[in-house]
Amino acid sequence: MIEINRIRENSNEIIERLSIKNFDSKEIITEILELDQQKREIQVKSDALLNQRNSISKEIGNLFKSGQAELANKKKEETVSLNTDIQDLKEKFNAIDSKLTDLLYQLPNTPHSDVPKGKTPEDNITIFEKGEIKKLHDKAKPHWELASEFDLIDFDLGVKITGAGFPVYKGKGAKLQRALINFFLDEAENSGYKEVIPPLLVNEASGYGTGQLPDKEGQMYHATEDNFYLIPTAEVPVTNIFRDVIIKKEDFPQKLTAYTPCFRREAGSYGKDVRGLNRLHQFDKVEIVQVQHPDSSYEALEGMIEHVKSLLEKLELPYRILKLCGGDLGFTAAITYDFEVYSIAQERWLEVSSVSNFETYQANRLKLRFKNEDGKTQLAHTLNGSALALPRIVAALLENNQTENGIKIPKALVPYTRFETI
RNA sequence: GGAGAUGUGGCAGAGUGGUCGAAUGCACUUGUCUUGAAAACAAGCGUGCUGCGAGGUACCGGGGGUUCGAAUCCCUCCAUCUCCGCCA
């Protein structure tokens with residue numbers, strides 16, 4: 001969430017920035033400032049009363065020690081009204097504080113000054129495009145037909161076992177998944193990311209830490225008996241490694257990568273959007289996460305973009321990079337670049353990666369800090385990106401590489417699949 | 001899942017309900033000494049809120065309670081350890 005100090009000092013700037021996200025924050029911020037003011041006043045009062053009580057209590061202790069029980073008991077009476085006042089202030093304080101926290105949770109991150117205005121995905125700006133969009137042969141098919149023709153993915157079987165959006169990968173289809181995961185992990189390691197295998201279920205605190213809660217509660221599967229959530233992305237468990245951590249300056253940057261399945265409930269899609277691998281409830285993804293010093297987080301973001309670019313180029317897929325406009329930007333991100341690959345048989349672009357800088361927004365929730373030159377604790381920056389999400393990569397690979405003699409595996413992947421064609 | 005024990009500062013480890021934000025040791029930082037280092041000695045050494053500042057206040061696993069006053073007593077949750085059961 002946005003730091004309260006920033007809101008105190010730059011409320012107008014924040015309101016203006018949030019308007020780029022098409023978020024009208026004027027009322028909330030006014031209320032936040034009021035509550036913040038009240039909260040501090042109450043705290044000062046309460047501190048003063050506690051101070052009084054503490055000194056009276058000390059006196060009572062001393063009186064008892066020196067055998068003046070009568071005087072001590074008389075002193076006790078003084079604390080009666082004091083205690084009701086303290087209790088009163090405590091209740092008020094808690095009420096205001098939880099209201100304030102609630103409102104702060106409702107404020108999205110402020111977009112970076114580079115973020116273009118806009119409301120819908122059409123307003124995103126294509127900043128880079130590369131790769132040849134080939135012509136396919138006459139009998140070219142969409143990936144869901146290829147998947148069933150070559151017996152790679154069984155969607156109906158998944159429906160039987162679980163439900164729609166939980167495919168079963170078979171034979172070379174399963175091996176292709178494994179190959180991609182290993183390829184992505186190796187590439188990440190070569191770029192300096194340390195591999196971790198995190199839990200796939202997280203507690204509530206972790207959900208709040210990265211911002212899935214309370215904003216996107218409905219997106220996550222919820223194991224209510226234990227109050228755990230199935231992770232929608234490795235971002236959640238991996239970034240929460242750093243919750244409540246004060247890292248040493250020399251330990252910057254932290255670069256982690258993780259492969260995990262991801263679980264998303266997703267609501268309200270239909271037709272071609274959800275056909276085949278386009279949108280699933282369970283899918284595999286390799287994520288890269290960085291914790292950075294604020295001065296170098298944008299440089300790190302560039303590095304992450306370069307990393308994802310190199311993956312797509314090694315896979316020989318035509319892709320483009322979009323800079324998301326304010327309206328399409330996620331709740332917690334300051335800036336996001338989406339990577340899309342072209343799916344030839346479907347004749348559409350498919351999002352395969354999202355690379356974002358969250359600046360201090362997540363760090364503030366996580367209490368992820370470092371000691372700066374002045375010896376003060378300061379919030380770090382967090383970043384993450386998909387590198388990459390598998391299903392749509394598979395869709396594009398199958399569709400784009402189909403020939404009349406089968407599907408060709410890109411060269412870079414062959415050492416991992418150990419077969420050249422499907 | 002059952003029984004028992006434990007949870008204190010970066011680590012180890014004290015702490016009869018009152019002068020405990022917390023002894024002591026180690027680690028760390030700075031200074032003295034030294035050509036330099038080590039050793040020794042001295043000082044410092046957690047996090048938040050609040051205040052221009054001195055300071056005030058809160059935090060001894062989390063939450064709640066008893067009390068004039070809680071690290072210390074009670075309840076509850078969580079975690080760890082030991083034993084038993086179950087199990088990939």
query = Closer to the 5' end of RNA chain B via nearest nucleotide, is it A:Gln87 or A:Asn83?
reply = A:Gln87
request  = List in chain and number order the residues that pass ring-ring contact (aromatic ring centres under 6.0 Å, His included) with A:Phe242, two or more places apart in sequence or in another chain; answer none if no residue qualifies.
outcome  = none
ask   = Roughly how far, to the nearest 0.5 Å, is OG1 of A:Thr101 from NZ of A:Lys39?
value = 6.5 Å
query = What is the base-pairing partner of B:rA40, counting Watson-Crick and G-U wobble geometry with both distances under 3.5 Å?
reply = B:rU32
inquiry  = Regarding A:Ser46, tell me which of base, sugar-phosphate or nothing describes its non-hydrogen contacts under 4.0 Å with the strands shown.
reply    = nothing
query = Taking CD from A:Gln52 and C1' from B:rG69, how many angstroms apart are they, rounded to a whole number?
reply = 15 Å
key: Mate of B:rG7 where both pairing distances stay under 3.5 Å, Watson-Crick or G-U   = B:rC78
task = Keeping the roles fixed (side chain from A:Gln402, backbone from A:Lys141), state whether a donor-acceptor pair exists under 3.5 Å.
result = yes
ask   = Considering residues at least two apart in sequence or located in another chain, which fulfil the ring-ring contact (aromatic ring centres under 6.0 Å, His included) criterion with A:Phe183?
value = A:Tyr416
query = Does A:Asp36 come within less than 4.0 Å of A:Arg40, counting only side-chain N to carboxylate O?
reply = yes
message = Listing request: all side-chain hydrogen bond (donor to acceptor under 3.5 Å, both in side chains) pairs with a residue in residues 236-246 of chain A, at least two apart in sequence or in separate chains.
response = A:Ser206-A:Arg243, A:Asn240-A:Arg243
key: Identified pairing partner of B:rG46, criterion: Watson-Crick or G-U wobble below 3.5 Å   = B:rC59
key: Presence of A:Arg369 side-chain N/O under 4.0 Å of B:rG48 phosphate oxygens OP1/OP2   = yes
Rounded distance in Å - CD (A:Glu59) to P (B:rU67) = 21 Å
inquiry  = My understanding is that a pair needs two contacts under 3.5 Å, Watson-Crick or G-U wobble. By that rule, which nucleotide pairs with B:rG69?
reply    = none
key: Evaluation steps, salt bridge (charged side-chain N to carboxylate O under 4.0 Å, His left out), between A:Lys309 and A:Glu313   = CA-CA 6 Å; A:Lys309 276 165 83 169; A:Glu313 281 165 31; 5.7 Å; no
message = Can you pull out every ring-ring contact (aromatic ring centres under 6.0 Å, His included) where at least one residue sits in residues 195-214 of chain A? Sequence neighbours excluded, please.
response = A:Tyr105-A:Tyr208
Which atom pairs link the protein and nucleotides 15-19 of chain B when you take only N or O atoms and keep those under 3.5 Å?
unit_1, atom_1, unit_2, atom_2, d
B:rG18, N2, A:Ser57, O, 2.7
B:rU19, O4, A:Asn62, OD1, 3.2
B:rU19, O4, A:Lys65, NZ, 3.0

key: Watson-Crick or G-U wobble partner of B:rC83, both distances under 3.5 Å   = B:rG2
Sub-3.5 Å pairs of nitrogen or oxygen atoms, protein against nucleotides 50-56 of chain B:
unit_1, atom_1, unit_2, atom_2, d
B:rU50, OP1, A:Arg8, NH2, 3.0
B:rU50, OP1, A:Arg40, NE, 3.4
B:rG56, O3', A:Asn51, OD1, 3.4
B:rG56, N2, A:Asp47, OD2, 2.8

request  = Taking the six-membered ring of A:Phe419 (Phe, Tyr or Trp), confirm whether the NZ or CZ of A:Lys172 is under 6.0 Å from its centre and within 45° of its axis.
outcome  = yes
